[in-house]
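Data block below; observations after.
Numbering starts at 1 and runs along the sequence shown.
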Amino acid sequence: MVTPKESERRVKFEHGLSAHMMAIDGTWRRDCVINDISDGDAKLTVNASIEGLQLKEFFLLLSSTGLAYRRCSLKWVNGDQLGVSFHRQKGKKANRSSKDPEFVE
């Protein structure tokens, strides 16, 4: 039997994908690299110090304009790498379509 974790599709980037982390209130922003990502979580490498930042919840900006983003919670920290989980909007279905404003391919 396949567990939900094993059946989750994960994409690993050979050279990483550039992105930005930003505070919910916009008070800080950091460049980062997405190492791998799935529908529910991601592994990031941060390019600057995160000391003193409120990382309980933040946005992961996937586009330079900020139109593609995910709201995140911190799962773990190991040096300059972070594990984050994505928040789901209440009432949203698990299967997303390209017409969904938060859908990212």
Inset, instruction - Decide yes or no for Y69 and L67: does some side-chain heavy atom of the first lie under 4.5 Å from some side-chain heavy atom of the second? - result: no
Legend entry - Donor-acceptor under 3.5 Å (R30 side chain, N47 main chain): no
Legend entry - Chi angles and distances behind the side chain to side chain contact (heavy atoms under 4.5 Å, CB included) call for L82, I50: CA-CA 10 Å; L82 309 175; I50 58 171; 3.6 Å; yes
Legend entry - Linked, directly or transitively: L55 and L62 (ILVMFWY side chains, under 4.5 Å): yes
Inset, instruction - Would you mind reporting whether I24 and F59 have side-chain heavy atoms less than 4.5 Å apart? - result: yes
Legend entry - Side chain proximity check, L53 to W28, heavy atoms < 4.5 angstrom: yes
Inset, instruction - Run the numbers on R29 and M21 for side chain to side chain contact (heavy atoms under 4.5 Å, CB included), then give the verdict. - result: CA-CA 6 Å; R29 182 174 169 147; M21 298 167 50; over 6 Å; no
Legend entry - Side chains of L60 and I34 in contact at under 4.5 Å (non-hydrogen atoms): yes
Inset, instruction - Measure across F86 and R70 and return the closest heavy-atom pair with its distance rounded to 0.1 Å. - result: CB-NH2, 3.3 Å
Legend entry - Gap between atom SG of C32 and atom CG of L61 - 0.5 Å precision: 8.5 Å
Legend entry - Min side-chain heavy-atom separation R71-E57 under 4.5 Å: yes
Inset, instruction - Assess the side chains of D80 and T45: does a donor N or O sit below 3.5 Å from an acceptor N or O? - result: no
Legend entry - Heavy-atom side-chain proximity of S73 to H87 below 4.5 angstrom: yes
Inset, instruction - Taking all heavy atoms of S63 and all of A68, pick out the closest pair and write down the distance. - result: OG-N, 3.3 Å
Legend entry - Spacing of NZ belonging to K56 relative to SG belonging to C72, to within rounding of 0.5 Å: 14.5 Å
Legend entry - Contact summary for A42 and I37, nearest pair of heavy atoms: CB-CG1, 3.9 Å
Legend entry - Nearest heavy atoms of F58 and M22, plus distance in Å: CB-O, 3.3 Å
Legend entry - Note, V84 side chain near L44 side chain (heavy atom, < 4.5 Å): yes
Legend entry - Interatomic distance, L17 atom CG to K12 atom NZ [nearest 0.5 angstrom]: 16.0 Å
Legend entry - SB check D39 R9 (cutoff 4.0 Å): no
Legend entry - Rounded distance [0.5 Å steps], CZ in F13 versus OG in S18: 10.5 Å
Inset, instruction - Can you sort out the partners of D36 under salt bridge (Lys or Arg N to Asp or Glu O under 4.0 Å), two or more places apart, ordered by chain and number? - result: R10
